[in-house]
Trainee: 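Dropping the structure in here first, questions after.
Note that the coordinates shown come from a computational prediction; the quantities given were computed from them, not determined experimentally. A, B, ... follow the sequence lines: proteins, then strands. Residue 1 opens every chain.
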Amino acid sequence: MFNKQDGHDIKEIETIVGPSVKIKGDFNGHGNIIVEGIVEGSLKCGNMLSVKNKAKIMADIEAKDAIIGGEVEGNIKISGYLEITSTAKIIGDIEATKISIAEGALFNGKCTMGLGGKPVHAPETHD
Amino acid sequence: MHVYIYDSYLNQPKYQKTLSRIETRITDLGLNGKISRLGLMKNVNEVVQSEIRRGAKTIVVVGNDDTVQQVINSIARTGVPLGIIPIDKKNNLIAERLGIPCQDDACDILSARRIEQLDLGLANDQFFLTHAAITGEGTRIEVKENYSIELKEPGEIYVFNLDVGSVSLPPNVFINPSDGLLQVALITKHSKKFLFSENTVESIFAFDKFRLVNQKKPILLDGLFPVSSPVEISISRNSLKVIVGKNRSF
């Protein structure tokens, strides 16, 4: 249950929000975080964030890397790699350096990619 | 000077041989000191505090986990190192985690005098070494003014400083008594159905300060001392000097 999340091995976990737990407020963690329960407010993670299938997050998310498999209502800002699995339901804007979205995932929002999360503009073309 | 605090249960005749062996070993190693035997009429905290006032350089507890836990509040923040000589293999998980073997083998650890500074948990004004526990029913964890955690199902809340196996933790969750954090483990009845599986803890958090609020139930420190809620819990950094062995678990 705690060893692997969608095939990704998390060696040391600082926080696990279990399915019977509800967090209200500004949640801030420095290490790896696994969410299986409910989070309302805002969620900041200094390392790897893993949102499991049954998790419900009604919060803006900031993390270094993330795997989203649950429901998220809020904006997601990832400085590194964001993986959205097939069970994810995301309503909100996404910002990340690298993104993968699996088939079946639901995503309604704006997606911005690029170095440091800054939007990448297409080069101007001269006819 | 070393001061040896013998727990009252060691007054039983069956421990005489063990204690003689330990005393011989202590003499051989040149660690002789004063022996204070606890009894029903002796308050352990008064004994320890009075010995520290008289200039004890090391307080050595001879007994089990309960004996160690009883001296924590009188030795915390004094700077005087705590040594442990565990007598029985049962109920000596603190010594085990600190890498201290049983009986006369523990004297060699005392002699090597490898000292570690451990954090202690502080619940209101009472220290705890291993853990604090409270029922999850009706308990709210308030981390900041705008951040709280609640259990949606009945269960228990454990606050760990030093893990002595009170609950089975997930394999990649580590508890280090010198990292400046307390681990808060939430166990629900749902997860208790899998009591014999490896993972019985549902949620884990790491905090250095928070508040536990329960209108009805107290929190139990180190499995022995009740404290009424609401309880302000914080980490007290490097508050306990302990003589440890090489095989400690952190």
Trainee: Once rounded to the nearest 0.5 Å, what's the spacing between atom NZ of Lys24(A) and atom CZ of Arg140(B)?
Mentor: 9.5 Å
Trainee: Using the side-chain hydrogen bond (donor to acceptor under 3.5 Å, both in side chains) criterion, which residues pair with Arg114(B)? Sequence neighbours excluded.
Mentor: none
Trainee: Check the surroundings of atom NZ in Lys152(B): do more than 12 heavy atoms from other residues, nucleotides or ligands lie under 6.0 Å from it?
Mentor: yes
Trainee: Any sub-3.5 Å donor-acceptor pair from Glu202(B)'s side-chain atoms to Ser20(A)'s backbone N or O?
Mentor: yes
Trainee: Chain A contacts: which residues in residues 204-216 of chain B have a non-hydrogen atom closer than 4.5 Å to it?
Mentor: Ile204(B), Phe205(B), Ala206(B)
Trainee: Quick one: CD on Glu150(B) to CD1 on Ile23(A), what's the gap to the nearest 0.5 Å?
Mentor: 11.0 Å
Trainee: Can you check whether Val17(A)'s main-chain N or O pairs, donor with acceptor, with Ser203(B)'s side chain at less than 3.5 Å?
Mentor: no
